[in-house]
4 protein chains.
Amino acid sequence: MAERKCGTLKSTKASENKKLKRNRLYDAAFELFSRKGVNETVVDEIVKHAGIAKGTFYLYCKDKYDLVEKIILKRSAYVFENAMKALAEQNRKSPMDFTGRVIFFIDYLIEFFKQNSNLLSLIYKNLSWSLYEKAMNYEEIGEAKQIFLRHFSLSGSNAQTAKRRLFIVVSMVGAVCYNSLVLKSPYDIDDVKPELYRCVKKILAG
Amino acid sequence: MAERKCGTLKSTKASENKKLKRNRLYDAAFELFSRKGVNETVVDEIVKHAGIAKGTFYLYCKDKYDLVEKIILKRSAYVFENAMKALAEQNRKSPMDFTGRVIFFIDYLIEFFKQNSNLLSLIYKNLSWSLYEKAMNYEEIGEAKQIFLRHFSLSGSNAQTAKRRLFIVVSMVGAVCYNSLVLKSPYDIDDVKPELYRCVKKILAG
Amino acid sequence: MAERKCGTLKSTKASENKKLKRNRLYDAAFELFSRKGVNETVVDEIVKHAGIAKGTFYLYCKDKYDLVEKIILKRSAYVFENAMKALAEQNRKSPMDFTGRVIFFIDYLIEFFKQNSNLLSLIYKNLSWSLYEKAMNYEEIGEAKQIFLRHFSLSGSNAQTAKRRLFIVVSMVGAVCYNSLVLKSPYDIDDVKPELYRCVKKILAG
Amino acid sequence: MAERKCGTLKSTKASENKKLKRNRLYDAAFELFSRKGVNETVVDEIVKHAGIAKGTFYLYCKDKYDLVEKIILKRSAYVFENAMKALAEQNRKSPMDFTGRVIFFIDYLIEFFKQNSNLLSLIYKNLSWSLYEKAMNYEEIGEAKQIFLRHFSLSGSNAQTAKRRLFIVVSMVGAVCYNSLVLKSPYDIDDVKPELYRCVKKILAG
DNA sequence: CATGAATGAGACTTCATTCAT
DNA sequence: TATGAATGAAGTCTCATTCAT
């Protein structure tokens, strides 16, 4: 009887419980996907690490690949949000020109991925255009892109050129990071950084 | 006497047959790996397409992943060899400066991968530092790298900086091509090319 | 309330079902292992006979050889337990001296294996010292050994000698049974029995 | 032309060569069968070790199991022949009674198998009544059995009893050796020997 | 909502045997 | 007689997904 009264309370508790389970699932999956790769991680292992039943897995996602995308989007949004906040804060303290702001933003991401190369690896290995588009629909992520493009449109540049230039910068920085941090190429990211930023500046210089 | 002749003929026929089989295997596997991805391609399908028996598959490679590497290395060496030849030929006809030669080389590769984006996809999705090192041990591939670095050493630049600059250029070009040609991002490679080459020039300019 | 009852019922039903499946698996595997040998029995056949899916097989054992051991240990323990019970019962009805009890015990086993030579065959063909040790950790099996040794220690004999004598008796009886019942040597076990028991008595006589 | 003349010589050479190949095949197979077991040894490995081609394997035996039997019979005959010779020699030097001769013979075999437990293992693991009968048709092996039985018939004993007694002794000694030398039971053969010979004597004593 | 036993298609790989040379 | 590349049936085991409870 008491139980019936607590209907609302119960559902709240249940939904909290659900959220908790989802987080455990996401974290366990991320840890395994990063460490072993998506194909090499089996659902059995994920649910065991998450402490949930196998059937429950399919209550939270369509399949393993759907889960990868969800995790990537969630974590990427989080990083971008923080990067934007840090940029705003820094800019408030000591205003920077456009190139300075871009470099600051890139540097923030590089420093983050230096500590979280797992995530970078996961993103790169599961990249697709469809995922990229989904990401752009996230407010936290798409905003950065818009700011970049707006600068060029304000400075009277051709919008197409601006987009392509962004595309090249992102490709370049991403690839260099991936090679350095994930493929463990012999080029340490800290050694490459000066040269990399020099390149970014040159490209942006128009 | 007839017998002796037969002996030679025999072994020739057999080894020709063997070569033929290997090529059929490599081609069938490449077609499937490119079209469907390595993990999604099953050995059964490869051998059916190649018209060989399943057991024969394991006569030519340790397993599916060994085959991927063999195919990538073989095809990459082939492309690089041709690119080097074309560069030499073109340079003979109308000599170019260093930057011109680099751009020519890059352009040759881009044009090739435009027609063979399957190979580019296969390479990227199976890239690892170990594979990269194996590639560099191929005369046809490693040579291009050496030529690039030699230029910088001759021009009195710092060797470390030269290597890093090469690393950045390769990362950038590779990523742009991959995104354009494989991920089918909305940026057509031909539209991006001018901007891309402008970036390459700026980076090389020192 | 009804729900709570259901809960118990559910788990009972499920676990009963599970036990049933396991027994079907064990029985089918035993039948095939005995009739055709372990190596000649394929998992496909076992699961077909047991009426379970292939995957289910690996829910109950690591592999085919793990299953053999499990079956041998389970059945051996069962036989030994019954032999001990029969011995106790018989001794209660008409008490026997030590040698008499040993012969009774051996005779019980021989009569059992006469009807179940399949099991004897399976045991012998998959015998190893490690399996022997696992068997000795079974209460039902190890106990018989202890009783035998205790007799000698009580009668003041050397413990080492007792153990070796047991070892010889077990080896002898086992081999004679195996040759007679499994290898189908022309020596019928019933014809050899008198001579065999005479040997046992002589050996035990000290 | 010269070749044709040498017909006889050639065939001799060829047959010598053939014999050599057969020996290499037998020795390589024995080494592998002993070390890894018959089922775990693949034909490919045998021929590689023997330095012959795969197809040649089937020129010398029907299949792997046929080869095992051939090897066992050949080696067993060799051991028995030597044991008989040693017994005759020893008996000439200092004549022994029947039991003494049996023990000498057993001891010779045990000492041999102590150095060649591989062979004992191979024999036991591939024992069948049909193989036993083939062995008895070998002069070198069957003779020992006949001598044993003749003794009993001369001493007026029942022939059936004699055969059974032999059967029990052989079973007992064989099993004890197998357990000690092959299964590596904790009972060292040298420790068990005195007790074992005591048992043999008691059994033979009638 | 949650569970986890059961499923079974299908993956990879091995290897005894054949047969054209 | 000798070869060894080719065969392909047969083997073991995995794992995403379902569904009765």
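Here is how names work: the chains are called A, B, and so on, in the same order as the sequence lines, proteins then strands, and each is numbered from 1. Just so you know, these numbers come straight off a predicted model, no measurement behind them.
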Taking the minimum atom-to-atom distance to the side chain of B:Thr56, which one of F:dA6, F:dA16, F:dT12 wins?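 The nucleotide sitting nearest to the side chain is F:dA6.
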Among F:dT12, E:dT17, F:dA2, find the nucleotide with the atom closest to the side chain of D:Lys21.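 From the listed options, F:dA2 comes nearest.
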For [X] and [Y], indicate whether the former's side chain and the latter's backbone hold a donor-acceptor pair under 3.5 Å.
X        : Y       : answer
C:Lys125 : C:Gly37 : no
A:Ser76  : A:Ile72 : yes
C:Ser34  : C:Phe30 : yes

[X] [atom1] to [N] [atom2]: how many Å, rounded?
X       : N      : atom1 : atom2 : result
B:Lys64 : E:dG10 : NZ    : C1'   : 12 Å
A:Lys48 : F:dC15 : NZ    : P     : 11 Å
D:Arg24 : F:dA2  : CZ    : P     : 11 Å
D:Lys36 : E:dC15 : NZ    : C1'   : 12 Å
C:Glu45 : F:dG11 : CD    : C1'   : 12 Å
D:Leu67 : E:dT17 : CG    : C1'   : 15 Å
B:Asp63 : E:dC12 : CG    : C1'   : 9 Å
C:Asp44 : E:dA9  : CG    : P     : 11 Å

Find the distance between CG (B:Leu131) and OH (B:Tyr65) and round it off to the nearest 0.5 Å.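 That separation rounds to 15.0 Å.
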Return the 5'-most residue of the pair A:Asn39, D:Leu59 with respect to DNA chain F, ranking by each residue's nearest nucleotide.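 The residue closer to the strand's 5' end, by nearest nucleotide, is D:Leu59.
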Along DNA chain F (nearest heavy atom to each residue), the more 5'-positioned of D:Gly51 and A:Val42: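 Mapping each residue to its closest nucleotide by heavy atoms, the 5'-most match is D:Gly51.
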Which residue is it: B:Leu122, B:Leu120, B:Leu119? I am looking for the one with a side chain to side chain contact (heavy atoms under 4.5 Å, CB included) to B:Val182.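 That would be B:Leu120.
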Would you say the side chain of A:Lys54 and the base of F:dT17 hold a donor-acceptor pair, judged only by whether the two atoms sit under 3.5 Å apart?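 Answer is yes: a donor-acceptor pair is held.
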Go ahead and write out DNA chain E as dot-bracket, 5' to 3': ( ) for pairs within the strand, [ ] for ones crossing earlier pairs, | when the partner sits on another strand, dots for unpaired; Watson-Crick or G-U wobble, both distances under 3.5 Å. .||||||||||||||||||||
Most 5' of A:Phe57 and B:Thr41 on DNA chain E, judged by nearest nucleotide: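 The 5'-side residue here is A:Phe57.
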Side-chain donor/acceptor pairs under 3.5 Å, residues 50-59 of chain B, sequence neighbours excluded:
from: B:Lys54; atom 1: NZ; to: B:Asp44; atom 2: OD1; distance (Å): 3.1
from: B:Lys54; atom 1: NZ; to: B:Asp44; atom 2: OD2; distance (Å): 3.4
from: B:Thr56; atom 1: OG1; to: B:Ala53; atom 2: O; distance (Å): 3.4

Check each of D:Arg75, D:Lys134, D:Lys64 against D:Glu69 using the salt bridge (charged side-chain N to carboxylate O under 4.0 Å, His left out) test, and report the only one that passes.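 Filter result, single survivor: D:Lys134.
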Counting only side-chain N and O atoms of D:Tyr60, is one of them less than 4.0 Å from OP1 or OP2 of F:dT1?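 Result: no.
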